[in-house]
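Here is the structure we will look at.
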2 protein chains.
Amino acid sequence: MTYAPPPGPPGRPGQRGQGRTGRPRSAEADRAILGATREALVELGWGKLTLSDVAARAGVAKTTLYRRWAGKSELVVDAVAALFDEHLDLPDLGSLQADIQGVVLRFAALLERPETKTALMAVVAESTRDDALRARIRSAIVDRQKQLVLIGRERAQERGELPYEESPAAAARHADLIFDVIAGAVVHRALVSAEPVDEAWTRSFADLLVGGLAGRPV
Amino acid sequence: MTYAPPPGPPGRPGQRGQGRTGRPRSAEADRAILGATREALVELGWGKLTLSDVAARAGVAKTTLYRRWAGKSELVVDAVAALFDEHLDLPDLGSLQADIQGVVLRFAALLERPETKTALMAVVAESTRDDALRARIRSAIVDRQKQLVLIGRERAQERGELPYEESPAAAARHADLIFDVIAGAVVHRALVSAEPVDEAWTRSFADLLVGGLAGRPV
DNA sequence: CTCTTACGCTACGCCTCGTAGCGTAACTGC
DNA sequence: GCAGTTACGCTACGAGGCGTAGCGTAAGAG
């Protein structure tokens, strides 16, 4: 747990021919390891996942894992982060209400996958005592998802559905708030309440977010 | 992990003189174990917490732990659940807005404690693969907190701030939604974004929840 | 005083962790 | 080609946690 991968950002194979000498890291091994990690997560879950097992599945020596990642948490973050990169665009559905529903359903679809379900919570739990890990999660997963909120809000402002903020600072605070509300609600619904994030729930949630408790037609 | 504590609800000492024969479980040992668990959580976090260590802190044999709890997750749920029982009333602050802020600040205060921070997320993560554990979390923690939402909503309806629901089913769905939004947002803010749930944020959140995105004065 | 259950203690086999050491493979610069 | 450098696979290892078994003893019920 004390080893930090020496060259470049961890998980990325050393750049070829960039002045770096010696045998380069195998990019294929990287893919195999991250894939094996996701596979093991599905079958075993976070608790019973062992690095020995991942190494065996990937057809790689256990020592190679430790040469690249400091521990289980770091490996799993990278393995799961790749999944969150799939849908980072937000199709314009014509209204704020529809855009919210779209982003919620997409996010929920990610959380439904067995490899993300367990992994995300476990890694977040671990990050409460590990600042470096939390930073890694933010840059690899959270901040990218937050981007979707910024896009959707900007569109709504152009449509005239939302007012423009007075100051950049207030805008940032507001965006953070909305992100916490959306992401938090979906995660809580899916993982704590363990109820489906389906069409009906998503519509109710978007209604609530747009209109609030007070402005509710019932 | 295959052992289920035989008599009565786990974690509670056998009722004295209730037809049960033999030596009763020590209630004092129970307190010592749960206390030691919380203490160990603060110092070590979920990942490095070991049952051997807890037993040593509690001045109890390791075997006693396994006689009462099936594993680490179950023990930690009980240890943390006791903390959530402290504030289960909701003082009437005069308005829906104020009541929301009150419940958010209380919930946040619980999450600020180092023993709950890590433990809650870790246990939820584990529960995604263990239905019995999830049920235990619900009854010991989640459902009790949800009660606060029901109380606050009822008050708001009596004040005329919120309309009454048409059907009991719709009311239940709506309450579940609100609970997921509040609890999810606070947890996400505190643990994922790792930003303080302070007075300012709480006010913004309550504004958003009551008035919605659209009805925002800015 | 017997029956029943809980407790403390010791010991154990199994597994995972994370590291060290070694010989070999791959790629770079001369 | 050859030396230098880095990554890899393999084996082995000590440390430590897990969960259980067995035993003798303590604490209540009838």
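Side chains are part of it too, since the values below use all heavy atoms of this structure and drop only hydrogens, waters and symmetry mates. A note on names: the letters A, B, ... follow the listed sequences, proteins ahead of strands, and every chain is numbered from 1.
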Hey, are A:Arg57 and A:Asp53 close enough for a salt bridge, meaning a charged N less than 4.0 Å from a carboxylate O?
yes

Looking at [atom1] of [X] and [atom2] of [Y], how far apart are the two atoms once the value is rounded to the nearest 0.5 Å?
X: A:Phe179; Y: A:Leu150; atom1: CZ; atom2: CG; result: 9.5 Å
X: A:Leu120; Y: A:Leu110; atom1: CG; atom2: CG; result: 9.5 Å
X: A:Thr37; Y: A:Leu49; atom1: OG1; atom2: CG; result: 6.5 Å

Nearest of C:dT28, D:dC18, D:dA29 to any side-chain atom of A:Thr21?
C:dT28

Winner on side-chain proximity to B:Thr64, out of C:dG8, C:dC17, D:dT20, is C:dG8

Any side-chain N or O of B:Ser26 less than 4.0 Å from the OP1 or OP2 oxygen of C:dA6?
no

Hey, is the side chain of B:Arg23 poking within less than 4.0 Å of OP1 or OP2 on C:dT4, counting only N and O atoms?
no

Using a distance-only criterion (donor-acceptor N/O pair, under 3.5 Å, no hydrogens), is the base of [N] paired with the side chain of [X]?
X: A:Thr63; N: D:dC10; answer: yes
X: B:Arg67; N: C:dG8; answer: yes
X: B:Lys62; N: D:dG19; answer: yes

Interatomic distance where [atom1] belongs to [X] and [atom2] belongs to [N] [whole Å]:
X: A:Tyr66; N: D:dT6; atom1: OH; atom2: P; answer: 24 Å
X: A:Lys72; N: C:dT16; atom1: NZ; atom2: P; answer: 11 Å
X: A:Leu65; N: D:dC10; atom1: CG; atom2: C1'; answer: 14 Å
X: A:Lys48; N: D:dC18; atom1: NZ; atom2: P; answer: 14 Å
X: A:Trp46; N: C:dT16; atom1: CH2; atom2: P; answer: 16 Å
X: B:Ile33; N: C:dG8; atom1: CD1; atom2: C1'; answer: 12 Å
X: B:Asp53; N: D:dC18; atom1: CG; atom2: C1'; answer: 14 Å
X: B:Trp69; N: D:dG19; atom1: CH2; atom2: C1'; answer: 16 Å

Whichever of A:Ala29 and B:Leu51 has its nearest DNA chain D nucleotide further upstream toward 5'
A:Ala29

Establish, for the pair B:Lys117 and B:Trp46, whether the NZ or CZ atom is under 6.0 angstrom from the six-membered ring centre and no further than 45 degrees off its axis.
no

